[in-house]
> 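My questions all concern the structure below.
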Amino acid sequence: MNTVTTKTTADPRADAGERISGKRLKAIFIGSAGNLVEWFDFYCYSAFALYFASSFFPKQDPTAQMMSTAGIFALGFFVRPIGGVLFGHIGDRLGRKKALMTSVLLMCFGSLLIACAPTYAAAGILSPCILLLARLLQGLSLGGEYGASATYLSEMADSKHRGFYTSFQYVTLIGGQLLALILLLVLQKFLLDAEQLRAWGWRIPFFVGACLALLALRMRHDLPETQSFEAARKKAKSMGGLRQLAQHPREVLLVVGLTMGGTLTFYVYTTYMQKFLRLSVGLTDSQATAVSAASLLFAMCLQPLYGALSDRIGRRPLLVGFALLGTLFTVPLLSAIRNASGPWEAFGLIACAWMIVSGYTSINALVKAELFPATIRATGVGVPYAFAVSVFGGTAEYLALWFKSIHLESGFYWYATAVVACTLIVCCFMRDTGAQSRIDAEARGQ
């Protein structure tokens, strides 16, 4: 009796699919990790401002010191449109990978410059000038990072799970600030006292950030280029540039309109909230840091949940929900936080705010990427976004502190409400980019 042996062979198409999926996930992970490092470097300034403000701006009034540091924070945002143009050009002409590598290298240099900057007592007016230069370099870097990162993650993700995967841009963006706050907590609780932090300890995070940026640069060196970019480069005669961007005025205005309300509320509940808890609510330094860190961790967990939801119900319902609830509840929430009786109540209220704001943060980068063709995508996402962020996001902290300085703090709450209401109008009249994505249309050859 002969025995017939059956040989089982693997489906080569399944193997190829697994390899592509693994390659895609690895690229998304590395792109997201680099994004985390960039935002850690940038947010160290905000997280440690309470400690280094007196080194660069020797005034007696703490609110005046914070306004000075917030002013430089805002100026760092004003150069972001220039970074959006510069790195958008690199991303659309030379590749998304090259833009990502160049931006993280520039961030490394800016962090190192702050870490080594002399104090006002040692160098006089030169001290805040060096701080300003470092923040301008970091602003240029982030001006390019957002557009390049949003474009790269959107193009690498598959169509069915694009909302989920690209939400990790804000997971890592928020994670960068959370990492800065965790480092601050460790230094506050276990390693240094307040006097040591004010004297020299504030330099530590900027040295750490510079080292992490070099690590991110090495990781990004191995990133593959996206298929969307490669296909567009073969077909298109022209890639990127402001002249080509001018051919998409509706999309540019949509990006500005979406960003203005979203970025303002984002910076209210991130960079400004730590100072708000300390100066207005009356929490201690460590309590304000702990509440900010806990709320950021909560926000990180929300991003992929909202991103996955957008893959099921579309992008537009989340954006409309954010803008509508933001218009209705910004004043009540900020007023309630101002009158919070302790850190737990403050955390609960900020968590409620994040359940609203995450409707924007989780998918906003993807929505913008889905608006533009591959030939102009990095510039189209980065430039109008950077412009809106410089006007509405970068000034949020300074305006909030200014309203406080003139004893009209609630005026800022109403200003934020008005800006979010403008975004609501934009959201109500825009199409759902999930159903009409330029990325998917290009993949189908349309």
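We're numbering straight along the sequence, starting at 1.
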> With a cut-off of 6.0 Å (strictly less than), are more than 12 heavy atoms of other residues, nucleotides or ligands near OH of Y272?
yes
> Any chance you could measure L371, atom CG, to I439, atom CD1, to the nearest 0.5 Å?
9.5 Å
> Does the side chain of S167 come under 3.5 Å of the side chain of Q303 through a donor N or O and an acceptor N or O?
no
> Sequence neighbours left out, what passes side chain to side chain donor-acceptor pair (under 3.5 Å) with W202? Give chain and number order.
none
> Name the atoms and distances for all side-chain donor-acceptor pairs under 3.5 Å in residues 335-343, with sequence neighbours left out.
from: S335; atom 1: OG; to: V331; atom 2: O; distance (Å): 2.8
from: R338; atom 1: NE; to: E409; atom 2: OE1; distance (Å): 3.3
from: R338; atom 1: NH1; to: S280; atom 2: O; distance (Å): 2.7
from: N339; atom 1: ND2; to: S335; atom 2: O; distance (Å): 3.0
from: S341; atom 1: OG; to: E345; atom 2: OE1; distance (Å): 2.6

> The test is side chain to side chain contact (heavy atoms under 4.5 Å, CB included); show your working for L86 and L140 and say whether it passes.
CA-CA 8 Å; L86 174 63; L140 283 173; 5.5 Å; no
> Going by the rule side chain to side chain donor-acceptor pair (under 3.5 Å), which residues pair with T259 if we only count those two or more places apart in sequence or in a different chain?
K368
> Quick one: side chain to side chain donor-acceptor pair (under 3.5 Å) pairs with a partner in residues 188-199, sequence neighbours left out?
Y51-Q188
> To check you understand the geometry: which heavy-atom pair defines the closest contact between V381 and V255, and what is its length?
O-CG1, 4.3 Å
> Checking the side chain of R316 only, and the main-chain atoms of C428 only, is there a donor and an acceptor separated by less than 3.5 Å?
yes
> Answer whether the closest heavy-atom distance between the side chains of V208 and F40 falls below 4.5 Å.
yes
> Identify, with sequence neighbours excluded, every residue that meets side chain to side chain donor-acceptor pair (under 3.5 Å) alongside S111.
D41, Q138
> Ring centres under 6.0 Å, that's the criterion: do F403 and Y415 meet it?
no
> Answer yes or no: is there an ion pair linking R96 with E145, defined by an N-O contact shorter than 4.0 Å?
no
> Could you give all pairs that pass the ring pair (Phe, Tyr, Trp, His ring centres under 6.0 Å) test and reach residues 312-347, with sequence neighbours left out?
F322-Y360
> Taking atom CE of M355 as the centre, report whether more than 12 heavy atoms of other residues, nucleotides or ligands fall under 6.0 Å from it.
no
> Compute the centroid of each ring, for F266 and then for Y170, and state whether the two points are separated by less than 6.0 Å.
yes
